[in-house]
Amino acid sequence: MKLLHSFLLAFVLALCACGHGFDSVNSSENKAYDNIMTRTSIRQFTDEAVSRSAVDSLLRAGMAAPTAANKQPWCFVVIDRRDMLDSISGMAPGWRPVSRAPLAIVVCGDRDKALDGEGADYWIQDCSAVSENILLAAHSMGLGAVWCGVYPVRERTEALSAFIGLPSSVVPLSLIVIGHPAENPTPKDKFDSTAVYFNRSLPF
């Protein structure tokens, strides 16, 4: 019986590793799942502008993210001025795509809106969820986007905060670069069954 159980467990794990488990999602029939699995970072953009209505949709999607105690400790700086985008692109090596994009959204955490005490840093998780929502919404709209990290690197945080005039209570978490894609990279398959454990502690 133990041998049979071990064989079945190994079989199921093998199927999951191949992406064909018994409960696997047919992405062609599930648009939300397909959108997640086909999204990838875009760093090359056309010169076409992103409309204000599209920006509104992106921000609405962002602010639909989950948030601890419904605090919604976020605010946004939308940048579409070419001179500002070009200046920002030189502030960090990983921010070069900003110079090739017509739009960037700085997702910020407002510590004055955050929880008190030990939950104060939940703003980081909340704003990370916002950032992912914006990336997924952009992909679903036919736009391309890439998440450029800001916080917690002090040099990046301080440079961007000073440039866009943020108060001390507001921290830029991410710089989402957005535009119409000029490239079509293949999404990476990042699933790793060896990183998954069921009902037991990790082996370290």
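Counting heavy atoms from C-beta outward, Ser174 and Ser128 have side chains that stay 4.5 Å or more apart. The closest side-chain heavy-atom distance from Val50 to Asp80 is not below 4.5 Å.
For the pair His139 (side chain) and Gly144 (backbone), a donor-acceptor distance under 3.5 Å is absent. The backbone N or O of Ala137 lies less than 3.5 Å from a partner atom in the side chain of Ser140, making a donor-acceptor pair.
The hydrophobic cluster containing Ile79 also contains Ile42, counting ILVMFWY residues as joined when their side-chain heavy atoms lie under 4.5 angstrom apart, directly or transitively. In the hydrophobic clustering of ILVMFWY residues, with side-chain heavy atoms under 4.5 Å counting as a link, Val130 and Leu59 come out together. Placement of Ile176 and Ile36 in two distinct hydrophobic clusters is found when ILVMFWY residues are connected by side-chain heavy-atom separations under 4.5 Å, directly or transitively. A single hydrophobic cluster is not seen to contain both Tyr151 and Leu166; linkage of ILVMFWY side chains at heavy-atom distances under 4.5 Å, directly or through other members, places them apart. Hydrophobic clustering of Ile, Leu, Val, Met, Phe, Trp and Tyr side chains at less than 4.5 Å, counting indirect connections, keeps Val171 apart from Val153.
Scanning all heavy atoms of the two residues, the minimum distance from Thr157 to Pro152 falls at OG1-C, 4.3 Å. What you find for Gly142 and Pro181 is that their closest heavy atoms are O-CD, 3.5 Å. The two atoms that bring Ala68 and Leu115 nearest to each other are CB-CD1, 4.0 Å, heavy atoms only. Nearest heavy atom pair, residue Ile124 against residue Leu173, reads CG2-CD1, 3.9 Å.
Rounding to the nearest 0.5 Å gives a distance of 11.5 Å between CG of Leu160 and OG of Ser87. Note: Asn35 CG to Met141 CE = 11.0 Å, rounded to the nearest 0.5 Å. Separating the OG1 atom in Thr38 from the CG atom in Leu136 is a distance of 9.0 Å, to the nearest 0.5 Å. The distance from atom CD1 of Ile88 to atom SG of Cys148, rounded to the nearest 0.5 Å, is 10.5 Å. Note that CG of Asp34 is 11.5 Å distant from CD of Glu29, once rounded to the nearest 0.5 Å. Here the CH2-CD distance, from Trp147 to Glu132, works out to 6.5 Å after rounding to the nearest 0.5 Å.
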Discussion item. For a side chain to side chain contact (heavy atoms under 4.5 Å, CB included) check, start with the C-alpha distance between Leu58 and Phe76, then their side-chain angles and the critical distance, and finish with the verdict.
Written reply: CA-CA 11 Å; Leu58 292 170; Phe76 306 84; over 6 Å; no
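Between Arg52 and Asp56 no salt bridge is recorded (no basic side-chain N to carboxylate O distance below 4.0 Å).
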Contacts table for residues 92-112: side-chain donor-acceptor under 3.5 angstrom, sequence neighbours left out:
from   : atom 1 : to     : atom 2 : distance (Å)
Trp95  : NE1    : Gly149 : O      : 3.1
Arg96  : NH1    : Pro93  : O      : 3.1
Ser99  : OG     : Arg96  : O      : 2.8
Arg100 : NE     : Arg43  : O      : 3.0
Arg100 : NE     : Gln44  : OE1    : 3.4
Arg100 : NH2    : Arg43  : O      : 3.3
Asp110 : OD1    : Asp112 : N      : 3.0
Asp112 : OD2    : Ser169 : OG     : 3.4

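The side-chain contact (heavy atoms from CB on, under 4.5 Å) check on Thr67 picks up Asn70, Lys71, Gln72, Pro73, Trp74, Asp126, with sequence neighbours excluded.
Heavy atoms from other residues, nucleotides or ligands lying under 6.0 Å from CG of Asn184 number 12 at most. Annotation for Asp47: atom CG does not count as buried by contact number, only 12 or fewer foreign heavy atoms lying within 6.0 Å.
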